[in-house]
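Positions are given from 1 along the sequence. Read the numbers this way: they start at 1 and go in the same order the structure lists the ligands and their atoms.
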Amino acid sequence: KEALLQKYKGKETCTKNGKKVHLYANIGNVGDIPSVLENDAEGVGLFRSEFLYLGREDFPTEEEQFRAYRQVLQTMAGKKVIIRTLDIGADKQVDYFGLGEEENPAMGYRAIRICLKQPEIFKTQLRALLRAAVYGNLSVMYPMITSEEEVAKIQKIVKEVENELTKKGVPYQIPEQGIMIETPAAVMVSDELAQMVDFFSIGTNDLTQYTMAIDRQNAKLDDFYNAHHKAIIRMIRMVTENAHKHGKWVGICGELGADLELTDTFMEIGVDELSVAPSMVLKLRKQICEYEGYMLD
Ligand code: PEP
Ligand code: MG
């Protein structure tokens with residue numbers, strides 16, 4: 001079976017009816033890159049940057065982050081790398097952030113909310129990202145978005161960082177920028193959001209949690225959890241239609257993206273990119289290459 005998959009290495013990910021799909025891999029740290037290349041992913045679709053912040057006593061400096069991002073970009077040698085800005089909070093607690101106890105951490109102070117409330121933390125990461133962008137094919141995406149106002153605030157902060165770097169004469173580049181669609185609110189305003197950003201990446205893990213009101217950490221709820229719930233599929237369709245209406249591309253980077261039972265559905269919907277665990281890349285490429293679909297016009 002493994003040998004059968006090997007023939008998909010180096011092959012284009014394209015359906016029989018001619019739709020080219022970008023097949024990327026999810027990683028948590030630099031050490032995961034060899035398996036991304038070994039499994040022939042076309043890039044990194046989700047780099048969970050919070051690994052840089054976990055298991056340490058204090059914030060990583062701009063320089064430390066810059067070096068880590070540059071290393072990823074250089075190792076990927078021109079292939080796309082989508083780095084997600086920090087998604088701390090909820091299940092990922094870090095003492096030095098001083099976040100304190102919360103009654104409902106999953107619905108609490110996390111991810112982009114921390115970045116917007118404590119912009120110095122955010123700006124340090126953005127400076128490192130913009131500087132690293134010079135060394136490869138970088139995209140940046142922002143987690144846990146719920147509204148246009150949040151995106152506007154992010155854009156304002158990015159602009160400030162850009163001006164600071166220009167003023168100091170530090171080399172940088174503005175990367176492609178997208179948002180994660182992982183709250184029902186973002187789905188419902190995806191028409192407007194699509195006009196503000198370059199791409200969407202659907203985080204089905206959180207989107208399922210918030211749509212079905214099922215804590216993703218609570219095993220007691222397993223009987224009620226249906227990853228294939230029509231609500232989620234309809235949301236993915238709606239988000240894709242809204243993105244395409246405005247000429248933007250859509251990926252899926254949550255676990256559902258690797259679900260081979262849904263690959264044909266995602267192709268029919270017109271999803272442009274899937275980002276999955278490195279070990280799933282070739283299985284998924286086989287499934288996509290075998291998809292016949294309808295003739296595209
Ligand atoms: C998601 O929510 O689907 C996702 C990809 O992000 P994370 O699992 O890191 O929350
Ligand atoms: Mg998430």
Side-chain angles (χ1 to χ4, degrees), residues 22-29 32 36 41 43-55 80-94 97 99 102 104-116 125 139-147 150-151 154 178-187 190 193 197 199-219 221 225-229 231-233 235-236 239-240 249-259 262 266 271-281 284:
H22 294 285
L23 190 47
Y24 297 149
N26 295 347
I27 64 170
N29 61 66
D32 295 335
V36 172
V44 171
L46 167 63
F47 178 10
R48 290 182 164 95
S49 73
E50 49 278 5
F51 97 92
L52 281 164
Y53 296 79
L54 298 172
K80 169 84 81 192
V81 176
I82 306 177
I83 300 182
R84 172 175 77 184
T85 58
L86 71 97
D87 190 357
I88 293 291
D91 52 318
K92 294 158 198 139
Q93 287 296 333
V94 182
F97 271 73
L99 299 179
E102 287 181 293
N104 289 302
M107 294 194 280
Y109 189 53
R110 62 173 288 198
I112 204 68
R113 300 169 180 182
I114 298 175
C115 289
L116 293 175
Q125 182 168 37
S139 300
V140 171
M141 70 178 172
Y142 306 102
M144 282 299 291
I145 297 297
T146 64
S147 71
E150 285 164 356
V151 176
I154 291 168
I179 55 173
M180 292 194 63
I181 303 288
E182 52 184 346
T183 65
V187 173
S190 53
L193 292 172
V197 300
F199 68 93
F200 287 157
S201 187
I202 305 174
T204 52
N205 308 336
D206 278 312
L207 185 58
T208 306
Q209 153 165 277
Y210 296 126
T211 302
M212 311 231 339
I214 286 185
D215 179 349
R216 60 192 264 195
Q217 313 266 77
N218 188 344
L221 300 173
Y225 182 88
N226 171 12
H228 294 190
H229 196 295
I232 305 301
I233 305 300
M235 283 178 156
I236 294 171
V239 168
T240 306
W249 63 267
V250 184
I252 299 177
C253 64
E255 297 298 322
L256 216 55
D259 190 327
L262 290 176
F266 295 151
V271 171
D272 305 289
E273 178 249 11
L274 293 167
S275 191
V276 300
S279 61
M280 287 303 296
V281 167
L284 206 52

Original post:
So, is T204 polar-close to ligand 1, with some N/O to N/O distance under 3.5 Å?
Top reply: yes
Original post:
Is it true that a side-chain atom of D215 and a backbone atom of Q217 form a donor plus acceptor pair closer than 3.5 Å?
Top reply: yes
Original post:
Can you tell me if R84 has a non-hydrogen atom under 4.0 Å from ligand 1?
Top reply: yes
**OP:** Tell me which part of L46 gets within contact of ligand 1: side chain, backbone, both or neither, using heavy atoms under 4.0 Å.
**Re:** side chain
Subject >> Check: R48 N/O within less than 3.5 Å of ligand 1 N/O >> reply: yes
Subject >> Close approach of M180 to ligand 1, heavy atoms, under 4.0 angstrom >> reply: yes
**OP:** Using distance alone, determine whether E182 and ligand 1 share an N or O pair under 3.5 Å.
**Re:** yes
Original post:
In terms of atom number and element, which parts of ligand 1 are under 4.0 angstrom from non-hydrogen atoms of R216?
Top reply: 2 (O), 7 (P), 8 (O), 10 (O)
Original post:
So, for I82 and W249, which heavy atoms are closest and what is the spacing to 0.1 Å?
Top reply: CD1-CH2, 3.8 Å
Subject >> R84 backbone acceptor or donor facing S49 side chain under 3.5 Å >> reply: yes
**OP:** Mark yes or no for whether Q209, through its side chain, and N205, through its backbone, hold a donor-acceptor pair below 3.5 Å.
**Re:** no
Subject >> Side-chain donor/acceptor of E150 to backbone N/O of I112, under 3.5 Å >> reply: no
Original post:
Counting only N and O atoms by type, is there a donor-acceptor contact under 3.5 Å from the side chain of D87 to the main-chain atoms of R48?
Top reply: no
**OP:** Of all N, O or S atoms in D206, identify the one at the shortest distance from the Mg ion (ligand 2).
**Re:** OD2
Original post:
Would you say E50 has more than 12 foreign heavy atoms packed within less than 6.0 Å of its CD?
Top reply: yes
Subject >> Atom name, E182 (N, O or S, nearest to the Mg ion (ligand 2)) >> reply: OE1
Original post:
Where is the nearest protein heavy atom to atom 3 (O) of ligand 1: which residue, which atom, and how far?
Top reply: N205 N, 2.7 Å
**OP:** Taking Y24 for its side chain and V81 for its backbone only, find out whether a donor-acceptor pair lies under 3.5 Å.
**Re:** no
Original post:
Hey, is D206 close enough to R110 for a salt bridge, meaning N to O under 4.0 Å?
Top reply: yes
**OP:** Quick one: look at E255 and ligand 1, take heavy-atom pairs under 4.0 Å, and tell me if it's side chain, backbone, both or neither.
**Re:** neither
Subject >> K92, portion touching ligand 1 at heavy-atom distance under 4.0 Å >> reply: side chain
Original post:
Can you find a non-hydrogen atom of M144 under 4.0 Å from ligand 1?
Top reply: no
Original post:
Which atoms of ligand 1 have any heavy atom of C253 under 4.0 Å away?
Top reply: 5 (C)
